[in-house]
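Okay, so here's the structure we're looking at.
In the text below, chain A, chain B and the rest are named by the order of the sequence lines, each starting its count at 1. Atom set for the values below is all heavy atoms of this structure, side chains included, hydrogens, waters and symmetry mates excluded. Values in this document were obtained by computation on a predicted structure and should not be read as measured data.
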Number of protein chains: 2
Amino acid sequence: MVHAINHGEYERILREAGVRITRPRKVILEILADRDDHPDAMAIFRRAVRVDASISLSTVYRTMKLLEDKGAIHRHIFEGGRSRFEPADASHHDHLIDIDTGAVIEFTSKRIEELQKEIARKLGYEIVHHRLELYGRKRK
Amino acid sequence: MVHAINHGEYERILREAGVRITRPRKVILEILADRDDHPDAMAIFRRAVRVDASISLSTVYRTMKLLEDKGAIHRHIFEGGRSRFEPADASHHDHLIDIDTGAVIEFTSKRIEELQKEIARKLGYEIVHHRLELYGRKRK
DNA sequence: TTTCTTGCAAAAAATTTGCACAATG
DNA sequence: CATTGTGCAAATTTTTTGCAAGAAA
């Protein structure tokens with residue numbers, strides 16, 4: 001999935017929220033805009049350190065929380081513990097995780113979404129959000 | 001969902017695996033058989049302590065892992081961090097979590113399962129397992 | 001009595017936070 | 001310059017583990 005968002009877009013969101021654009025934040029935003037995978041905080045940190053060795057893991061976590069609060073990124077807690085992040089600009093989609101490599105493939109199914117809504121309604125609920133993850137292995 | 005499993009059934013599974021049936025394990029198995037919610041380790045621990053004050057949280061975790069390894073329970077990591085457990089006897093189902101109360105409602109959808117398989121196949125994958133969680137709020 | 005289990009405390013792993021100093025607008 | 005943000009170390013949270021002592025078969 002190609003993300004239209006660039007780091008300038010992230011900056012705009014933060015600036016409008018009255019947040020300062022600092023050097024560490026700039027570095028992290030460029031990393032998020034640059035790559036198109038679903039990195040966890042440690043992966044972002046490793047990439048950031050190569051650009052500016054003084055950046056701390058805490059700042060990565062703090063920036064992720066900030067962006068999440070502003071709605072600029074989404075946090076996913078797939079199996080395996082750590083949170084992984086992705087830009088929020090792409091339209092809604094679900095994930096297929098390759099259990100051998102950890103790679104994440106995005107997909108959507110209008111039909112499944114409809115069925116979910118219908119199920120919730122029958123149970124007397126309104127869906128606030130959902131999570132559909134397929135864990136699979138490449139077919140040979 | 002009503003679980004047919006009773007603590008004797010858990011004991012049989014463990015005994016057949018060559019595992020000793022100890023007092024702490026008995027207490028924990030009764031708790032699992034008794035209630036029909038999706039408790040986390042701390043909740044099980046709190047219930048266990050009321051029966052036998054000497055039981056430790058470590059033993060709860062160890063017993064959960066044991067039962068999981070033997071296929072007797074399933075571990076779910078819903079939002080909110082902690083693992084929650086449920087008997088494995090019930091047939092496969094997905095979960096709707098009440099975001100206000102944490103209550104868990106089980107449901108199934110043959111149609112959704114089929115669609116999932118189809119999506120994975122189209123992407124060149126074979127599903128090993130999946131996770132579908134609806135987070136919602138009671139409709140008034 | 002031999003082997004498996006337990007409780008306790010300490011270790012791990014991921015994430016958050018207090019604080020004094022540094023950087024931004 | 002008034003505030004906000006940062007790095008570092010320490011704290012948190014959930015779960016696991018080493019070890020000496022205790023129970024099961």
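Of the charged side-chain nitrogens involved, none lies within less than 4.0 Å of a carboxylate oxygen, so that B/Lys117 and B/Glu113 do not count as a salt-bridged pair. A salt bridge between A/Glu16 and A/Arg12 is present, with a side-chain N of the basic residue lying under 4.0 Å from a carboxylate O of the acidic one. Between A/Lys140 and A/Asp100, none of the side-chain N atoms (NZ, or NE/NH1/NH2) sits under 4.0 Å from a carboxylate O, so this pair counts as no salt bridge. Salt bridge present: B/Arg111 and B/Glu114 bring a charged side-chain N and a carboxylate O closer than 4.0 Å.
Protein atom CG of A/Leu57 is 9 Å distant from nucleotide atom P of C/dT15, rounded to whole Å. One can place CZ of B/Phe45 at 14 Å from P of D/dT14, the figure rounded to the nearest angstrom. Going from atom CG of B/Asp69 over to atom C1' of D/dT16 covers 13 Å, rounded to whole Å. For A/Leu14 and C/dT24, the CG to P distance is 15 Å, given to the nearest whole Å. Between the C1' atom of D/dG5 and the CG atom of A/Leu67 lies a distance of 14 Å, rounded to the nearest Å. Between the C1' atom of D/dA25 and the CD atom of B/Glu16 lies a distance of 17 Å, rounded to the nearest Å. Atom CD1 in B/Ile21 sits about 15 Å away from atom C1' in C/dT3, given to the nearest Å. In this entry the distance linking CD of A/Glu79 with P of C/dA13 reads 19 Å, nearest Å.
For B/His92 and B/His130, the gap between ring centers is short of 6.0 Å.
The shortest distance between the side-chain N/O atoms of A/Tyr61 and the OP1/OP2 oxygens of C/dT16 is not below 4.0 Å. Contact annotation: A/Arg20 side-chain N/O to C/dA23 OP1/OP2 distance is not under 4.0 Å. Side-chain N/O atoms of B/Lys65 include one lying less than 4.0 angstrom from OP1 or OP2 on D/dT16. At the phosphate of D/dA24, neither OP1 nor OP2 sits under 4.0 Å from any side-chain N or O atom of B/Thr22.
No side-chain heavy atom of B/Ile28 sits under 4.5 Å from any side-chain heavy atom of B/Tyr10. Side-chain contact between A/Arg25 and A/Leu66 is present, with at least one heavy-atom pair separated by less than 4.5 Å.
Mapping A/Ser83 and B/Gly18 onto DNA chain C via the closest heavy atom, the residue that lands nearer the 5' end is B/Gly18. DNA chain D is contacted by both B/Arg23 and B/Asp40; B/Asp40 maps to the nucleotide lying nearer its 5′ end (nearest heavy atom per residue).
To the nearest 0.5 Å, the span separating CD1 on A/Ile119 from CZ on B/Phe107 amounts to 5.0 Å.
Taking the side chain of B/Arg15 as heavy atoms from C-beta on, and the options D/dA25, D/dT15, D/dT4, the nearest nucleotide is D/dA25. Relative to the side chain of A/Arg25, the nucleotides C/dT5, D/dG5, C/dA14 differ in distance, and D/dG5 lies closest. Here the side chain of A/Arg62 is nearest to one of D/dA9, C/dT5, C/dG18, namely C/dG18. Distance from the side chain of A/Arg82 is smallest to C/dA14 among C/dA14, D/dT15, C/dA23.
Among the protein residues, B/Thr59 comes within range of the sugar-phosphate backbone only, with heavy atoms under 4.0 Å from sugar or phosphate atoms but none that close to a base.
Each end of the helix from C/dT1-D/dA25 to C/dG25-D/dC1 yields a helix axis from five base pairs, and these two axes differ in direction by 30° (to the nearest 10 degrees).
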